[in-house]
Undergrad: 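I'd like to ask some things about the structure below.
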Amino acid sequence: MNSEWNIRACADQCMRCQRKFADKENLMSRLCFAPEGYLREDFCGGCWPERATPTAAAEVSAWAAVWHAPAPKAPEPLKKETAESLLRELMETDDPAKRNVIFILAVMLERRRILVEKEVQTPEGSGTKIRVYEHKQTGESFVVPDPQLRLSEIEHVQREVMELLGIAAPSS
Ligand SMILES: [Zn+2]
């Protein structure tokens with residue numbers, strides 16, 4: 001079973017013609033809402049107009065992107081938990097109890113301009129508002145359902161996030 005949130009990396013080749021993207025090549029990406037979950041598809045500029053179009057409801061989001069060849073991996077320094085590493089960890093779990101924390105972390109990263117909101121959608125038949133963010137550096141898409149927290153709930157969730165990040169809440 002798929003969790004309701006997803007991180008989708010950019011493919012390294014065109015979905016249609018299978019050509020590998022060149023560094024700094026402009027491409028087009030889309031997210032589709034399929035019964036098995038969100039699918040991300042990346043196309044070269046030539047293939048984009050020729051892509052098979054799913055129903056309008058299924059194509060959740062489409063945007064232009066630039067392919068960046070991955071940098072050689074540097075050895076990971078020992079680092080403490082950051083909002084981004086915590087978000088990635090939590091998005092790999094299937095724990096519905098974490099959805100509020102995941103949403104608040106995504107909002108924090110958007111404020112820090114690490115994530116950019118691309119789209120807000122309510123896929124047909126789901127009733128849940130979802131937000132699609134793009135990671136500015138890596139081009140990954142983050143699909144995060146919006147739990148539509150009330151103001152009174154936000155403070156509680158923010159406290160939980162601070163605890164998870166090991167930041168002491170102001171005492172007073
Ligand atoms: Zn192509």
Side-chain angles (χ1 to χ4, degrees), residues 1-77 79 82-96 98-99 102-103 105-147:
M1 195 177 130
N2 276 279
S3 64
E4 55 188 356
W5 41 77
N6 275 282
I7 304 177
R8 290 283 176 257
C10 189
D12 64 354
Q13 62 179 36
C14 174
M15 171 87 196
R16 187 164 171 273
C17 69
Q18 319 270 295
R19 186 174 56 73
K20 295 266 183 205
F21 296 128
D23 194 25
K24 312 274 194 303
E25 179 173 349
N26 291 303
L27 54 116
M28 290 296 294
S29 305
R30 73 175 179 191
L31 271 186
C32 296
F33 186 60
E36 63 270 30
Y38 290 95
L39 302 173
R40 175 172 173 155
E41 297 176 344
D42 302 286
F43 298 86
C44 71
C47 287
W48 176 251
E50 311 297 328
R51 72 197 188 279
T53 310
T55 64
E59 195 171 271
V60 169
S61 184
W63 63 91
V66 178
W67 169 252
H68 294 287
K73 275 240 164 94
E76 286 252 321
K79 58 172 167 46
T82 64
E84 183 178 339
S85 64
L86 183 60
L87 177 64
R88 288 176 183 278
E89 266 169 47
L90 294 178
M91 285 181 77
E92 276 176 23
T93 70
D94 260 322
D95 184 357
K98 291 290 180 255
R99 60 184 294 166
I102 285 171
F103 176 69
L105 283 166
V107 171
M108 282 172 67
L109 292 172
E110 188 195 4
R111 292 208 184 118
R112 293 182 200 168
R113 303 180 194 283
I114 292 169
L115 298 180
V116 182
E117 189 177 277
K118 286 286 173 189
E119 191 93 34
V120 183
Q121 277 282 351
T122 307
E124 215 165 298
S126 83
T128 305
K129 192 183 271 186
I130 60 142
R131 294 180 186 272
V132 179
Y133 297 93
E134 187 189 33
H135 192 291
K136 262 186 146 177
Q137 223 92 89
T138 66
E140 294 158 295
S141 31
F142 287 63
V143 179
V144 178
D146 184 343

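Side-chain atoms are counted along with the backbone in the values below, which use heavy atoms only and exclude waters and symmetry mates. Both counts, for ligands and for their atoms, begin at 1 and track the order of listing. Since the structure is predicted, the reported quantities are computational estimates derived from the model, not experimental observations.
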Undergrad: Taking side chain to side chain donor-acceptor pair (under 3.5 Å) as the criterion, tell me which of R8, E41, E134, R40 meets it with S29.
TA: R40
Undergrad: Has E117 got more than 12 heavy atoms of other residues, nucleotides or ligands less than 6.0 Å from its CD?
TA: yes
Undergrad: Check whether any side-chain heavy atom of S61 sits under 4.5 Å from a side-chain heavy atom of Q121, and report yes or no.
TA: no
Undergrad: Got a donor-acceptor contact below 3.5 angstrom from the D42 side chain to the C10 backbone?
TA: no
Undergrad: Salt bridge or not between R88 and E92? Use side-chain N to carboxylate O under 4.0 Å.
TA: no
Undergrad: If you leave out waters, which protein N, O or S atoms are less than 2.8 Å from the Zn ion (ligand 1)?
TA: C14 SG, C17 SG, C44 SG, C47 SG
Undergrad: Counting distance only, does the side-chain N/O of D146 pair as donor-acceptor with the main-chain N or O of K129 below 3.5 Å?
TA: no
